[in-house]
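Below you'll find the structure, written out as structure tokens, and then a few comments.
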There are 2 protein chains.
Amino acid sequence: MHTQLNRRMTKQRHIIIEELRKVTSHPTADQLYEMVRKRLPRISLSTVYRNLETLSAEGMILRLDVAGAQKRFDATVENHYHIRCNHCGRVDDVHMEPINEIEEIARRRSKYQSVSHSIEFSGICPDCFGRG
Amino acid sequence: MHTQLNRRMTKQRHIIIEELRKVTSHPTADQLYEMVRKRLPRISLSTVYRNLETLSAEGMILRLDVAGAQKRFDATVENHYHIRCNHCGRVDDVHMEPINEIEEIARRRSKYQSVSHSIEFSGICPDCFGRG
DNA sequence: ATCAGTATTGCTAAGCGTTTGCAATTAGAT
DNA sequence: ATCTAATTGCAAACGCTTAGCAATACTGAT
Ligand SMILES: [Mn+2]
Ligand SMILES: [Mn+2]
Ligand SMILES: [Zn+2]
Ligand SMILES: [Zn+2]
């Protein structure tokens, strides 16, 4: 049996999803707020936060918990890695197969159960090492 | 030529390092504050934060920027991975060799330079799946 | 041992990203 | 068209961390 969710498709929610799907830039909540605001000037930042939260909880979108930085959001829900620029902070996809073997190693070494992993790459993006 | 640092060894700084070295629990700033407070009741939380910041900047200790959670600190500065319990939040070491090969893969796929990586494992710790 | 100069402290207030409480609104089922 | 619970906008609160500042106390030089 499946828990009833009773979700409604408000215009706010609809446009938030739509705007997120337009970009590959992994925007933060407030960046997305500015994008959405162009089409819905009266939307509140809380509404953006709330929807990003519920949508990611449902698996409709992906929430990236970047270490020591703002959360970012991603319309691509397939499991993939990211790389962050140490200079300008932008986040890009890294197209490589997830290395799930390490989870088994970690499970044995740590005695933890249900081990999962996340990798965060960082470096200098092409734009930043061009301009110094 | 080496930049002059002019660091002083205050009793606060000394005891912060000492208390951090006593544990393997990767305490947060406020947890360490409570530990230090037993020996220096008049120390302020700011002082703990400031020292953890400067000590980690110097490489004396390690700052763990946990995704979506409080920063944690580690007296073991050698590069190693960590695993976090999804249930109680505790952080343990994972003793395995760093897999630096993935950085080269990420570099090629992403076009970023000076690529580094961090892995964060998560799961259920032995204490939690016992009582879970 | 004393001194001077500045790194560091404790206190407090501010910062930042995010969450929450609540009355008003509205989607969507009947 | 009516009803009701989900959702909204606004504002205020939140949790963690940083910053401003006058008072203190290391430390290298005298
Ligand atoms: Mn992505
Ligand atoms: Mn460790
Ligand atoms: Zn960049
Ligand atoms: Zn646990």
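Proteins come first, then strands; the chains are lettered A, B, ... in the order of their sequence lines, and each starts at number 1. What you see below is based on every heavy atom in this structure, not just the backbone, and it leaves out hydrogens, waters and symmetry mates.
As a whole-Å value, the separation of Met9(A) CE from dG28(C) P is 8 Å. Straight-line distance from the CD atom of Gln70(B) to the C1' atom of dC16(C): 15 Å, rounded to whole Å. In this structure, the CD atom of Glu53(A) is 10 Å from the P atom of dT18(C), given to the nearest Å. Atom P of nucleotide dT18(C) and atom CZ of Arg63(A) are separated by 10 Å, given to the nearest angstrom. The nearest whole Å value for the distance from the NE2 atom in His14(A) to the P atom in dA6(D) is 22 Å. The separation between Arg72(A) atom CZ and dG17(C) atom C1' is 13 Å, rounded to whole Å.
Asn51(B) comes within 4.0 angstrom of the backbone, heavy atoms only, and of no base.
Out of dT18(C), dT8(C), dT26(C), the shortest distance to the side chain of Arg8(A) is found at dT26(C). Among the nucleotides dT17(D), dT8(D), dC10(D), the one closest to any side-chain atom of Arg42(A) is dC10(D). The nucleotide whose nearest atom lies closest to any side-chain atom of Asn6(A) is, among dA6(D), dT9(C), dC10(D), dA6(D).
Side-chain contact check for Arg13(B) versus Arg7(B): some heavy-atom pair is nearer than 4.5 Å. In this structure, Leu64(B) and Lys71(B) have side chains that are not in contact, with every pair of non-hydrogen atoms separated by 4.5 Å or more. The shortest distance between side-chain heavy atoms of Tyr81(B) and Ile99(B) falls below 4.5 Å. Taking 4.5 Å as the limit, some side-chain heavy atom of Asp30(A) sits within range of a side-chain heavy atom of Gln70(A). Taking 4.5 Å as the limit, some side-chain heavy atom of Ile102(A) sits within range of a side-chain heavy atom of Met96(B).
Sequence order on DNA chain D of the closest nucleotides to Ala69(B) and Arg7(B) puts Ala69(B) first from the 5' end.
Under 3.5 Å, the side chain of Thr10(A) and the base of dA6(D) form no donor-acceptor pair of N or O atoms. Looking at Ser46(A), its side chain comes within 3.5 Å of the base of dT20(C) through a donor and an acceptor atom. With hydrogens and angles left out, the side chain of Arg50(B) and the base of dT9(C) share no donor-acceptor pair within 3.5 Å.
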